Structure formats: C-alpha cells, structure tokens
Number of protein chains: 2
Amino acid sequence: MSLDHALLVSLLEKPSSGYALARRFDRSIGHFWQATHQQIYRVLARMEEAGWVKGRLKAGDAAPDRREFTVTALGRREMSRWLGEPTEPQGYRDALMVKLRGAAFDEPVRLLGEVERRRAMHAERLAQYRAIEARDFSGPLDRQRALQYQVLKSGIRFEETWTEWCAETLGLLRDLERRDR
Amino acid sequence: MSLDHALLVSLLEKPSSGYALARRFDRSIGHFWQATHQQIYRVLARMEEAGWVKGRLKAGDAAPDRREFTVTALGRREMSRWLGEPTEPQGYRDALMVKLRGAAFDEPVRLLGEVERRRAMHAERLAQYRAIEARDFSGPLDRQRALQYQVLKSGIRFEETWTEWCAETLGLLRDLERRDR
DNA sequence: CGTTGCAATGCAACCCGTTGCATAGTAGGC
DNA sequence: GCCTACTATGCAACGGGTTGCATTGCAACG
C-alpha cells in the first residue's frame with residue numbers, strides 16, 4: 001500500500017528519474033517491494049500534480065532526456081504527516097502455506113521439490129543480505145545509515161525464519177511419506 | 001494471489017457457504033490472508049462456472065437460504081495441478097520499513113509510539129497462535145492436522161521475529177534520541 | 001549502414017481488491 | 001408491534017497493480 005510514500009522516501013534519499021527509481025526498486029528496496037515502471041510513472045505524475053515532487057528535464061548527455069524528480073517542501077510535509085499515521089501489519093499471505101494445507105488432499109510428498117526450491121531461494125537471499133551487511137554496515141553508522149541497517153536487519157531475520165521453517169517442513173514431509181509406506 | 005486456490009483448499013477442508021467462508025477468513029486463515037465477502041462471492045461464481053465447485057441451495061432452518069459449495073472432481077484435479085506449479089515468494093512489503101527509512105528525514109523518535117504499538121500487536125497475535133497450538137495441536141496428529149500445524153508454526157515463527165525486531169528497533173530509536181541531545 | 005540492445009518515457013486494457021450500498025429474512029429487546 | 005442486529009447474498013464503482021505494446025534516442029556490433 002501507498003507506493004506514493006515509498007517513492008517519496010526513495011526520492012528524499014536520492015533524487016532520481018522514474019527509470020532510475022524503477023531500477024532501484026529491482027535492487028535494494030525491491031527485495032521486499034516490487035513496482036513496475038508503469039506504476040512508478042503514474043505515481044510520479046500524480047505526486048507532481050499534487051506538488052509533492054518536481055521534475056526537471058535534464059538534457060541527456062548520452063541517454064535520452066530524463067526527468068529528474070526532487071521532493072518539494074510540500075512533499076516533505078506530507079511525508080512527515082504520513083509518519084504520524086498508524087500502519088497496520090500486512091498479512092504475509094504466501095501461496096506455499098495454502099499448498100501445504102491443500103497437500104492433505106493429495107500426496108504431500110509432491111511438495112518436497114517445491115519446498116526445497118524455496119528453502120534455497122531464501123537461503124540465497126539471506127546470503128545476499130549478509131553480504132550487504134558486511135559491505136555497507138560495519139563500523140559506526142550515522143542516523144540514516146543506522147535506520148537503513150535496521151530495515152536490512154528485518155530482511156535478514158525474515159529470511160532466516162523462512163529457511164529454518166522450510167527445513168523443518170522438509171522434515172515433516174519426509175516423515176509423512178515414511179508414515180504412508 | 002490466487003484466492004481461487006485458497007478457497008478451493010478451504011472448501012476441501014469443509015464445504016461451506018460464501019458467508020461462512022468469509023467468516024472463516026476472518027479467523028484461522030485470515031490471520032495471514034484477508035478477503036472480503038465480495039471477492040469471495042465473485043470467485044465462487046467464477047469457480048462454479050468453471051466447474052471446480054458446485055453450490056447447492058440449503059433452505060434455511062433459521063437463517064435465510066444459503067448456497068453450500070463443495071469441490072467437484074474437476075476442482076480436485078485443478079487443485080492437484082496447481083500443487084505442482086512453482087510458487088514465488090511474496091515480498092513482505094510493510095509500510096513500517098518505509099517509515100523507518102523516512103524517519104531519517106524527520107525526527108526518528110516520532111516512530112517510537114508506532115513501533116511499540118506494532119510490537120504489542122505482534123506479541124498478542126503470537127499469544128493467540130500459541131493458545132491455538134496448545135488447544136488444537138498437542139498429542140499425535142494425523143496427516144491433515146500435521147500439515148495445518150506446520151502452517152501455524154510459520155505464523156508463530158514470524159510473529160516471534162516481528163516482536164523481536166520491533167523490540168530491537170525501539171532500542172535503536174531511543175539510542176538515536178540520546179545521540180541527538 | 002542496418003540491426004540489435006538498452007535507456008527512458010508513456011498509453012491502453014484488464015484484473016483484482018476495496019468500499020459503499022441494497023435487500024431480505026429471522027431473532028431478540030423494549 | 002417496532003427497531004435493531006445478524007445472517008446471507010449481491011450490484012456498482014473506483015483505484016491500484018499487471019501486462020502488452022509503442023516510441024525515441026543513443027551506442028555498439030557485424
């Protein structure tokens with residue numbers, strides 16, 4: 001919800017063009033949020049109309065012209081207002097949970113490959129996060145860095161949880177198979 | 001994604017009316033998935049047309065007439081087919097992360113109340129899950145029970161992770177405040 | 001020089017989820 | 001007997017996200 005404010009924060013951290021935002025969402029932030037360029041351009045247009053951001057044409061040195069967006073004073077005020085609002089937790093609906101329950105009406109062992117695949121994916125992400133942690137967040141951190149680190153830490157914790165849970169689930173599935181035979 | 005299959009599983013576990021499904025989604029499953037009755041009725045209509053489920057009118061004893069849906073053989077086959085498909089992990093985009101990064105451009109201390117509120121919410125959910133665990137999943141479990149328990153366990157793990165992370169975040173925010181003064 | 005590829009922006013259409021509203025019947029409170 | 005509340009179903013409209021396609025400009029490859 002509210003891609004608007006996610007973009008606002010992203011632009012506060014670094015003024016960018018719509019394209020650059022889309023690319024960045026594929027990387028750092030995008031691990032836990034995905035947005036296509038379409039959404040981004042539309043949201044940017046909406047925010048510009050509302051006066052939260054302002055786009056300036058930067059004639060391309062090499063690439064075609066791009067519109068670089070910066071956050072206005074009004075945008076900052078909106079940001080601040082939004083910070084004060086309460087936010088509800090997002091239910092983490094993952095199809096894997098549904099499949100697990102569904103597997104009771106099929107052969108649970110069929111999920112083995114899938115769960116192992118997922119375990120590997122989460123383990124790999126975890127490794128990526130740890131690499132970022134070591135590279136960018138060792139040593140003393142200023143305020144902004146410290147807060148960014150805390151967000152990264154949530155990613156680390158969740159990927160840890162995922163990998164552990166997947167491993168446990170693999171054990172259960174093998175157990176159920178043994179029981180059936 | 002694919003509320004269709006979530007409903008299919010729910011109906012396999014227990015044939016129900018649209019209304020009952022909506023209620024159940026508020027409880028057990030709904031902790032990590034929320035669906036309004038609107039969606040549910042529309043999806044049910046779609047699935048009935050596809051022949052995955054069949055609705056039978058049960059003249060109400062007390063309440064008004066309700067249409068109880070059961071899964072057809074075709075629906076079971078679809079379920080089984082879907083189980084074989086790979087599922088991508090759902091990025092857990094939570095506004096709280098965005099706010100934390102945004103707080104770098106405001107007063108981080110303003111988030112204290114919000115994070116504490118969230119910590120309490122997750123702690124409470126955790127307690128609920130643990131209560132369900134003790135009530136419904138102690139002692140030996142059949143296949144279906146065991147799989148349901150594994151889903152519940154993910155809820156427990158994630159809520160644990162959340163509460164711990166929130167507590168850590170509270171520490172950081174207080175730390176940043178001390179630094180500023 | 002033409003083709004391929006990528007940076008950068010955008011339109012249009014569709015689907016899904018959300019919100020607000022409507023209805024109809026039954027049960028219980030005052 | 002009326003009002004409120006709850007069960008049960010549904011329509012309509014809006015907004016956000018997704019997908020597919022289109023365009024312009026530069027750069028590099030053969």
Side-chain angles (χ1 to χ4, degrees), chain A residues 1-8 10-11 14-27 29-30 32-50 53-69 87-88 90-93 95 98, chain B residues 1-8 10-11 14-27 29-30 32-50 53-69 87-88 90-93 95 98:
Chain A
M1 320 291 131
S2 100
L3 177 59
D4 303 50
H5 297 99
L7 290 187
L8 220 46
S10 211
L11 287 178
K14 185 170 165 44
S16 320
S17 69
Y19 191 84
L21 279 173
R23 306 227 78 201
R24 241 192 299 166
F25 259 61
D26 275 352
R27 298 160 200 275
I29 314 164
F32 67 99
W33 198 310
Q34 44 223 3
T36 62
H37 67 269
Q38 282 311 333
Q39 281 173 72
I40 289 173
Y41 283 122
R42 268 195 300 184
V43 170
L44 280 175
R46 200 197 311 149
M47 290 203 295
E48 191 173 25
E49 198 168 355
V53 299
K54 208 176 152 185
R56 267 185 228 82
L57 251 177
K58 290 232 167 169
D61 328 304
D65 297 355
R66 63 211 178 78
R67 307 190 56 210
E68 193 168 273
F69 289 89
T87 33
E88 297 316 301
Q90 271 304 105
Y92 44 95
R93 62 156 172 266
V98 181
Chain B
M1 317 301 129
S2 98
L3 177 59
D4 304 49
H5 296 98
L7 290 187
L8 220 45
S10 210
L11 287 179
K14 185 170 163 47
S16 320
S17 70
Y19 191 84
L21 278 173
R23 306 227 79 201
R24 239 190 300 167
F25 259 60
D26 275 351
R27 297 159 200 276
I29 315 164
F32 66 100
W33 198 311
Q34 44 222 4
T36 62
H37 67 269
Q38 283 310 336
Q39 283 173 71
I40 288 172
Y41 283 122
R42 268 195 299 181
V43 171
L44 280 175
R46 200 197 311 150
M47 289 202 297
E48 191 172 25
E49 198 168 355
V53 299
K54 208 176 153 185
R56 266 185 231 80
L57 251 176
K58 292 233 167 166
D61 330 303
D65 296 354
R66 64 208 176 78
R67 306 190 56 213
E68 193 168 273
F69 290 89
T87 33
E88 297 317 299
Q90 270 305 103
Y92 43 94
R93 58 154 174 269
V98 181

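Proteins come first, then strands; the chains are lettered A, B, ... in the order of their sequence lines, and each starts at number 1. Predicted model only: the values in this text are computed from it and were never measured.
With sequence neighbours left out, the side chain to side chain contact (heavy atoms under 4.5 Å, CB included) criterion links A:Gln38 to A:Thr36. The salt bridge (charged side-chain N to carboxylate O under 4.0 Å, His left out) test applied to B:Glu68 returns B:Lys58, B:Arg66, not counting sequence neighbours.
Just one of B:Arg42, B:Arg67, B:Arg56 meets the salt bridge (Lys or Arg N to Asp or Glu O under 4.0 Å) condition when paired with B:Glu48; it is B:Arg67.
Counting to the nearest Å, the C1' atom of C:dG17 and the CG atom of B:Asp4 are 13 Å from each other. If you measure from atom CZ of A:Arg24 to atom P of C:dA8, you get 13 Å, rounded to the nearest angstrom. Between B:Arg93 atom CZ and C:dG17 atom P the separation is 12 Å, expressed in whole Å. Across the protein-nucleic acid pair, A:Ile40 atom CD1 and D:dT18 atom P stand 11 Å apart, rounded to whole Å. Atom CZ in B:Arg23 sits roughly 12 Å away from atom C1' in D:dA5 (whole-Å rounding).
Residue B:Arg46 has a polar side-chain atom (N or O) positioned under 4.0 Å from OP1 or OP2 of C:dC16. Side-chain N/O atoms of A:Gln39 include one lying less than 4.0 angstrom from OP1 or OP2 on D:dG17.
From A:Leu7, atom CG reaches atom CE of A:Met47 across 5.0 Å, with rounding to the nearest 0.5 Å. One finds the NE2 atom of B:His37 at 12.5 Å from the OG atom of B:Ser17 (value rounded to the nearest 0.5 Å).
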Dump every N/O contact between nucleotides 9-13 of chain D and the protein below 3.5 Å, one line per pair.
| residue | atom | partner | partner atom | Å |
| --- | --- | --- | --- | --- |
| D:dT9 | OP1 | B:Arg67 | N | 2.7 |
| D:dT9 | OP2 | B:Gly18 | N | 3.4 |
| D:dT9 | OP2 | B:Tyr19 | N | 2.7 |
| D:dT9 | OP2 | B:Tyr41 | OH | 2.9 |
| D:dT9 | O5' | B:Tyr41 | OH | 3.2 |
| D:dG10 | N7 | B:Gln38 | NE2 | 3.2 |
| D:dG10 | O6 | B:His37 | NE2 | 3.0 |
| D:dG10 | O6 | B:Gln38 | NE2 | 2.7 |
| D:dC11 | N4 | B:Gln38 | OE1 | 2.5 |
| D:dC11 | N4 | B:Gln38 | NE2 | 2.0 |

Inset, instruction - Please test A:Leu21 against A:Leu44 for side chain to side chain contact (heavy atoms under 4.5 Å, CB included), starting from the C-alpha separation and ending with a verdict. - result: CA-CA 10 Å; A:Leu21 279 173; A:Leu44 280 175; 4.1 Å; yes

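The nucleotide D:dG30 finds its pairing partner in C:dC1, both defining distances of the Watson-Crick or G-U wobble pair being shorter than 3.5 Å.
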